[in-house]
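Beneath this line is the structure, given in structure tokens, with notes to follow.
Counting starts at 1 for both ligands and their atoms, in listed order.
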Amino acid sequence: RPRSLSGVQATSDSLHLGNYIGALRQFVAQQDTHEAFFFIANLHAITVDHDPAELRERTLRTAAQFLAAGLDPERATVFVQSQVVAHTQASWVLECVASLGELRRMTQFKDKSARNERVSLGLLSYPVLQAADILLYHPDVVPVGEDQRQHLELTRNLAERFNARFGETFTVPEPHILKATAKIYDLQDPTAKMSKSSPTAAGRIDILDEPKAVAKKIKSAVTDAGTEIAYDPEGKPGVSNLLTIYAALTGSSVEALVSEYEGRMYGHLKVDLAEVVVESLRPVRERTQELLADTAELERILDRGAARAREIADTTVKDVYAAVGFL
Ligand code: AQP
């Protein structure tokens with residue numbers, strides 16, 4: 001089986017619909033076709049100011065949402081990043097392979113450093129830790145959203161550079177970005193990606209939102225002054241985003257939806273989509289709440305996941321240390 005690996009940051013109480021469609025659902029699909037490793041990135045979560053109690057809570061909540069969305073700890077290895085020390089060990093070595101210039105050029109660093117008053121060194125080296133996260137497991141594919149393409153490219157470059165200098169050690173991974181769902185947009189600003197850190201929650205649907213709130217957000221989604229329901233991301237970004245979400249959650253094609261809604265109004269599409277989203281998220285929200293009622297069991301699952309992850313990651317670190325000349 002090919003191996004798949006990806007992670008999600010523990011930076012919010014609830015994942016959003018972009019994380020769910022762009023990442024989580026791909027994870028769930030891959031647990032049957034791949035040897036799958038999915039982790040909660042808590043080391044990455046401290047690159048910007050954070051509250052320790054909140055981080056602890058969010059780590060568990062993110063894990064609960066992984067499982068509630070359908071990840072099965074028997075079929076996929078689900079773990080917390082900080083519990084596998086190899087990630088930080090490999091990261092240091094890769095930091096010495098990466099250059100300051102290439103890290104400064106990362107779009108996410110430029111955005112986030114402009115938004116934060118205090119810019120930590122970790123915010124700059126973040127993509128190197130991400131490269132370590134990935135390369136430790138020799139994955140064949142890394143399922144992510146479009147926003148991660150540049151970091152994936154850096155990971156590939158670092159792997160190639162390391163291999164050229166110190167001998168074949170890392171597998172050069174391929175991104176797995178599903179074109180149709182790679183970028184879900186903000187409902188209030190359909191030219192911006194739906195994001196945990198968007199200024200208002202009105203444009204973002206959280207997995208754990210109450211059904212009423214979900215319906216309200218969809219009904220007030222920004223569209224355009226026209227009336228035709230058509231897929232045209234340039235001219236009709238709002239409507240196109242609604243169609244993308246609808247298609248992703250129901251499995252029907254955008255073309256089929258466009259012909260189904262021919263001659264109908266935006267309001268009809270929104271009412272139906274609200275129903276689709278509410279019903280898709282309902283079981284995930286309910287299961288998350290159940291899982292969070294017994295965090296001891298959740299922590300046991302994560303301990304087992306970390307033990308399995310360590311078996312692979314520790315072996316890679318040994319190879320890396322030997323390759324660079326550590327005793
Ligand atoms: N809008 C999106 N559409 C499709 N995929 C998305 N992802 C994020 N937003 C969208 C994918 O979700 C995975 C986990 O995200 P993360 O926690 O690593 O990413 P993030 O970039 O921190 O998420 P946010 O919401 O955008 O937070 P901020 O605003 O802090 O940057 C990744 O695979 C990501 O591609």
Taking it one step at a time, do Asp133 and Gln81 satisfy side-chain hydrogen bond (donor to acceptor under 3.5 Å, both in side chains)? CA-CA 8 Å; Asp133 297 337; Gln81 186 186 30; 2.9 Å; yes
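By the 4.0 Å N-to-carboxylate-O rule, Arg308 lies too far from Glu311 to be salt-bridged with it. Salt-bridge formation is detected for the pair Arg300/Glu297: a Lys NZ or Arg NE/NH1/NH2 atom is positioned less than 4.0 Å from an Asp or Glu carboxylate oxygen. Ion pair Asp13/Arg58 flagged as a salt bridge, since at least one NZ, NE, NH1 or NH2 atom sits closer than 4.0 Å to an Asp/Glu carboxylate oxygen. Here Arg75 pairs with Asp32 in a salt bridge; the nearest charged N to carboxylate O distance falls below 4.0 Å.
Of all atoms in ligand 1, listed by their number and element, those nearer than 4.0 Å to a heavy atom of Gly22 are 4 (C), 5 (N). Close approach of ligand 1 to Met194 is summarised as follows: ligand atoms under 4.0 Å from at least one heavy atom of the residue are 1 (N), 2 (C), 9 (N). Within ligand 1, the atoms closer than 4.0 Å to a non-hydrogen atom of Gln148 are 35 (O), numbered from 1 in the order shown. Annotation for ligand 1: atoms under 4.0 Å from non-hydrogen atoms of Gly145 are 5 (N), 33 (O), 34 (C), 35 (O). Shown in contact with Lys112 at under 4.0 Å from a heavy atom are these atoms of ligand 1, numbered in order with element: 30 (O), 31 (O).
Residue Lys193 has at least one N or O atom closer than 3.5 Å to an N or O atom of ligand 1. By the 3.5 Å distance cut-off applied to N or O atoms, Glu146 is not counted among the residues near ligand 1.
The shortest heavy-atom distance from His16 to ligand 1 is under 4.0 Å. Ligand 1 is approached by Asp147 to a heavy-atom distance shorter than 4.0 Å.
Partner of Phe79 under the ring pair (Phe, Tyr, Trp, His ring centres under 6.0 Å) criterion, out of Phe66, Phe38, Tyr137: Tyr137 alone. For the side-chain contact (heavy atoms from CB on, under 4.5 Å) test with Leu292, the passing option among Gln65, Arg287, Arg61 is Arg61; the others fail.
Note on Leu208: it clusters hydrophobically with Val214, by side-chain heavy-atom contacts below 4.5 Å among ILVMFWY residues.
In this comparison of Ala23, Ser197, Gly7, Gly18, the heavy atom closest to atom 10 (C) of ligand 1 sits on Gly18.
When non-hydrogen atoms are compared, ligand 1 lies under 4.0 Å from the backbone of Lys196 as well as from its side chain.
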